[in-house]
Amino acid sequence: MRILQVTTVSNDVLEAVNLLLPQLSTSSKPLDLNGLSRIVEDLASTLFIAKDDDESILGMLTLVEVRIPTGYRVIIEDVVVDSAGRGKGVGEALVNAALEKARQDGCSAVELTSRPSREAANRLYLRMGFKPRETNVYRYVFD
């Protein structure tokens with residue numbers, strides 16, 4: 001297995017991302033090449049993919065870097081491992097790659113959120129050293 005930063009958009013990556021999205025969120029809509037290009041070209045985000053030895057994509061993760069007046073925040077988003085790749089260390093490898101990039105970029109802490117129903121993911125994050133924070137997460141939805 002290899003972890004790669006996506007720097008160019010291809011139909012293979014687009015197809016894999018669109019196969020992974022429903023495993024992450026049932027409300028996510030498929031991306032087109034333009035939508036994926038916007039993510040890959042955005043300087044504030046880094047898309048990582050995990051590829052198996054046969055070049056199939058096993059999972060993905062997005063690292064988002066935000067500079068705000070109170071400091072430099074790095075957030076891991078949209079971690080998903082294909083159902084066929086679960087239990088093989090794919091999620092951990094993706095998170096480690098993101099943590100290493102954040103460290104290289106000078107970040108002192110990385111945050112992520114995970115739904116309570118994603119029990120295996122939550123166990124992984126705790127095992128890797130993430131600590132729960134006492135916080136409220138709010139969402140405003142536009143009609």
Side-chain angles (χ1 to χ4, degrees), residues 1-68 72-143:
M1 172 183 44
R2 298 176 297 139
I3 305 298
L4 306 166
Q5 290 184 38
V6 178
T7 56
T8 57
V9 174
S10 69
N11 283 321
D12 290 342
V13 172
L14 176 66
E15 181 180 333
V17 166
N18 282 332
L19 287 172
L20 290 167
L21 280 175
Q23 296 179 63
L24 179 66
S25 168
T26 56
S27 63
S28 294
K29 300 205 180 339
L31 293 172
D32 58 18
L33 279 172
N34 183 52
L36 183 58
S37 292
R38 290 181 67 188
I39 294 166
V40 170
E41 293 168 5
D42 189 330
L43 297 178
S45 67
T46 304
L47 179 63
F48 289 90
I49 56 170
K51 279 193 170 186
D52 205 355
D53 294 336
D54 66 1
E55 294 299 305
S56 61
I57 295 177
L58 299 171
M60 69 176 179
L61 171 154
T62 305
L63 187 69
V64 181
E65 302 177 47
V66 181
R67 296 193 186 274
I68 55 178
Y72 173 47
R73 297 190 57 192
V74 177
I75 305 160
I76 291 176
E77 291 283 352
D78 291 351
V79 181
V80 61
V81 174
D82 184 69
S83 58
R86 293 184 189 150
K88 299 177 182 177
V90 176
E92 185 171 0
L94 284 164
V95 172
N96 278 328
L99 291 174
E100 183 55 32
K101 179 172 184 349
R103 185 184 336 272
Q104 289 174 357
D105 290 350
C107 180
S108 61
V110 176
E111 296 181 355
L112 61 79
T113 60
S114 184
R115 287 191 307 270
S117 63
R118 296 179 54 103
E119 293 175 8
N122 285 288
R123 283 192 307 272
L124 169 67
Y125 303 140
L126 290 170
R127 191 176 76 243
M128 292 184 74
F130 286 85
K131 305 288 185 221
R133 289 185 67 192
E134 193 168 318
T135 185
N136 294 332
V137 176
Y138 297 92
R139 173 177 289 170
Y140 183 91
V141 179
F142 294 98
D143 293 332

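Shown here for L124 and G91, the closest heavy-atom pair between the two residues is CD2-C, 3.9 Å. Residues S83 and Q23 approach most closely at N-OE1, 2.8 Å, considering heavy atoms. Scanning all heavy atoms of the two residues, the minimum distance from S45 to T62 falls at CB-CG2, 4.0 Å. Counting all heavy atoms, side chain and backbone alike, N18 lies closest to P30 at OD1-CA, 3.3 Å. G89 and M1 make their closest contact through O-CE, 3.9 Å (heavy atoms, listed as atom of the first residue, atom of the second, distance).
Tested against L63 for a side chain to side chain contact (heavy atoms under 4.5 Å, CB included), the candidates K101, E77, Q5 yield a single pass: K101.
A donor-acceptor pair is defined here as one N or O able to donate and one able to accept, closer than 3.5 Å; such a pair exists between the side chain of D82 and the backbone of A84. The main-chain N or O of R73 is never found under 3.5 Å from a side-chain atom of E111 such that the two would form a donor-acceptor pair. For the pair N122 (side chain) and R115 (backbone), a donor-acceptor distance under 3.5 Å is present.
Between F142 and Y140, the gap from one ring centroid to the other is short of 6.0 Å.
Shown here are the salt bridge (Lys or Arg N to Asp or Glu O under 4.0 Å) partners of R118, two or more places apart in sequence or in another chain: there are none. Annotation: salt bridge (Lys or Arg N to Asp or Glu O under 4.0 Å) contacts of R86 (sequence neighbours excluded): none. Residues that satisfy the salt bridge (Lys or Arg N to Asp or Glu O under 4.0 Å) test with R127, not counting sequence neighbours, are E92. Residues forming a salt bridge (Lys or Arg N to Asp or Glu O under 4.0 Å) with R2 (at least two apart in sequence, or on another chain): E55. In terms of the side-chain contact (heavy atoms from CB on, under 4.5 Å) criterion, L43 has no residue partners (sequence neighbours excluded). Partners of N34 under the side-chain contact (heavy atoms from CB on, under 4.5 Å) rule, at least two apart in sequence or in another chain, are D32, R38.
To the nearest 0.5 Å, atoms CG (D105) and CD (E100) are separated by 10.0 Å. Annotation: the span from L19 atom CG to L14 atom CG amounts to 9.5 Å, rounded to 0.5 Å. Atoms OG and CG, from S28 and D78 in turn, are 7.0 Å apart once rounded to the nearest 0.5 Å. To the nearest 0.5 angstrom, D52 atom CG is 4.5 Å from L58 atom CG. The CG atom of N96 sits 3.5 Å away from atom CE of M128, with the distance rounded to the nearest 0.5 Å.
Residues L36 and V6 fail the side-chain proximity criterion, which asks for heavy atoms closer than 4.5 Å. Side-chain contact between P132 and L126 is present, with heavy atoms from C-beta onward closer than 4.5 Å. Taking 4.5 Å as the limit, some side-chain heavy atom of L20 sits within range of a side-chain heavy atom of I57. With contacts defined as side-chain heavy-atom distances shorter than 4.5 Å, the pair I76/Y125 does not qualify. Between L94 and I3 there is a side-chain heavy-atom pair separated by less than 4.5 Å. Within the 4.5 Å cutoff, side-chain heavy atoms of L33 are placed close to those of N11.
A donor-acceptor contact closer than 3.5 angstrom links the side chains of D54 and S56.
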Using side chain to side chain contact (heavy atoms under 4.5 Å, CB included), reason through V13 and M60 one step at a time and then give a plain yes or no.
CA-CA 10 Å; V13 172; M60 69 176 179; over 6 Å; no

Please determine whether side chain to side chain contact (heavy atoms under 4.5 Å, CB included) holds for the pair V95 and L61, giving the CA-CA distance in whole Å, both sets of side-chain angles, and the decisive distance to 0.1 Å.
CA-CA 8 Å; V95 172; L61 171 154; 4.0 Å; yes

Using the rule given for side chain to side chain contact (heavy atoms under 4.5 Å, CB included), can you reason through L99 versus F130, listing the C-alpha separation, both sets of side-chain angles and the distance that settles it, and then say yes or no?
CA-CA 11 Å; L99 291 174; F130 286 85; 4.0 Å; yes

